[in-house]
Amino acid sequence: MFFLYTINPGLFRSKFKLQELKLVINADNIPVEKLIDIWEAKGRVRSNTASNEEIEDGERTSITKIITARFPRHLTTFDVEDTNKYKVVFNNKTYKIVSMSNIQEMSKYIQIKLGVID
């Protein structure tokens with residue numbers, strides 16, 4: 001049985017920006033990595049209670065917030081699998097992305113799990 005996943009758009013109240021790490025040429029003609037705003041939207045932001053745990057090969061990143069928003073259809077090269085090249089700015093703070101998922105692979109909603117503040 002197929003269930004359609006819908007969210008009340010009235011819940012999308014919080015503004016956030018998605019930034020992509022791109023290689024740009026600075027004034028000295030040297031390539032440097034810079035965060036460029038690629039998407040600004042409103043979404044539902046929920047706080048999540050998770051803690052840091054030390055494991056054998058390091059420390060696991062805790063998830064601090066979860067954002068649900070409409071999928072960015074205008075970004076044709078948007079890759080939800082590659083979280084290393086994206087950051088999120090929410091409430092004037094920059095967060096790293098722990099994971100992103102295309103909810104039910106329908107390209108209708110995206111869920112972004114944010115980690116500790118950079």
Side-chain angles (χ1 to χ4, degrees):
M1 190 169 179
F2 179 72
F3 293 102
L4 183 62
Y5 186 86
T6 58
I7 297 175
N8 180 356
L11 298 174
F12 294 162
R13 297 183 187 126
S14 303
K15 287 186 178 183
F16 68 95
K17 286 186 213 176
L18 185 69
Q19 297 179 325
E20 185 176 5
L21 195 60
K22 291 192 175 195
L23 204 58
V24 295
I25 306 294
N26 67 7
D28 297 326
N29 206 19
I30 299 171
V32 293
E33 290 183 333
K34 183 177 179 183
L35 285 170
I36 308 287
D37 291 350
I38 60 169
W39 181 41
E40 189 171 336
K42 286 185 173 182
R44 178 177 67 175
V45 179
R46 295 176 290 151
S47 293
N48 190 20
T49 55
S51 60
N52 285 338
E53 291 183 21
E54 290 187 28
I55 53 178
E56 290 178 21
D57 39 340
E59 194 172 292
R60 186 179 73 187
T61 304
S62 65
I63 298 170
T64 59
K65 301 201 180 298
I66 299 173
I67 296 176
T68 305
R70 287 188 176 90
F71 197 86
R73 295 181 194 272
H74 66 284
L75 299 176
T76 55
T77 61
F78 188 69
D79 182 13
V80 296
E81 303 294 324
D82 189 6
T83 60
N84 292 327
K85 67 179 184 176
Y86 299 108
K87 303 280 184 205
V88 169
V89 178
F90 174 68
N91 281 346
N92 296 322
K93 296 177 184 171
T94 303
Y95 295 86
K96 74 177 185 176
I97 297 175
V98 175
S99 69
M100 288 189 283
S101 61
N102 182 354
I103 296 176
Q104 291 187 342
E105 300 298 323
M106 294 175 53
S107 296
K108 187 172 182 180
Y109 299 108
I110 186 169
Q111 188 173 65
I112 305 170
K113 294 181 182 178
L114 304 178
V116 292
I117 298 171
D118 282 347

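Computed from a prediction, not measured in an experiment: that's the story for all the values here.
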Roughly how far, to the nearest 0.5 Å, is the CZ atom of Arg44 from the CD atom of Gln111? 8.0 Å

Among Ile, Leu, Val, Met, Phe, Trp and Tyr joined by side-chain contacts under 4.5 Å, find the other residues sharing a cluster with Leu21 and list them by chain and number. Leu35

Quick one: closest heavy-atom pair of Lys108 and Asn102, and the distance? N-OD1, 4.2 Å

If only atom types and distance count, is the side chain of Thr64 paired as donor or acceptor with the main-chain N or O of Gly115 below 3.5 Å? yes

Which is it for Asn26 and Lys34 under the side chain to side chain contact (heavy atoms under 4.5 Å, CB included) test, yes or no, and what are the steps along the way? CA-CA 10 Å; Asn26 67 7; Lys34 183 177 179 183; over 6 Å; no

The test is side chain to side chain contact (heavy atoms under 4.5 Å, CB included); show your working for Ile110 and Trp39 and say whether it passes. CA-CA 13 Å; Ile110 186 169; Trp39 181 41; 4.0 Å; yes

Other than Val89, what residues sit in its cluster of Ile, Leu, Val, Met, Phe, Trp and Tyr side chains whose heavy atoms are under 4.5 Å apart, directly or through others? none

Least distance between heavy atoms, Ser14 atom then Phe90 atom: CB-CE1, 3.6 Å

Quick one: do Lys87 and Lys96 satisfy side chain to side chain contact (heavy atoms under 4.5 Å, CB included)? Show the steps, please. CA-CA 5 Å; Lys87 303 280 184 205; Lys96 74 177 185 176; 3.9 Å; yes

Here the gap from Leu11 atom CG to Thr68 atom OG1, rounded to the nearest 0.5 Å, amounts to 9.5 Å

I need the Leu18 CG to Ile67 CD1 distance, nearest 0.5 Å. 9.0 Å

More than 12 non-hydrogen atoms from neighbouring residues, nucleotides or ligands closer than 6.0 Å to NZ on Lys65, yes or no? yes

To the nearest 0.5 Å, how far apart are CZ in Arg70 and OH in Tyr109? 6.0 Å

Checking the side chain of Asn91 only, and the main-chain atoms of Lys93 only, is there a donor and an acceptor separated by less than 3.5 Å? no

To the nearest 0.5 Å, what is the distance between CD1 on Ile66 and CD1 on Ile112? 11.5 Å

One should read off an interatomic distance between Lys17 NZ and Glu40 CD, to the nearest 0.5 angstrom, of 5.5 Å

Nearest non-hydrogen partners of Gly43 and Ala69, listed with the distance: CA-CB, 4.2 Å

Which heavy-atom pair separates Lys42 from Phe16 by the least distance, and what is that distance? C-CE2, 3.9 Å

Could you please spell out the steps behind the side chain to side chain contact (heavy atoms under 4.5 Å, CB included) verdict for Val98 and Thr83? CA-CA 7 Å; Val98 175; Thr83 60; over 6 Å; no

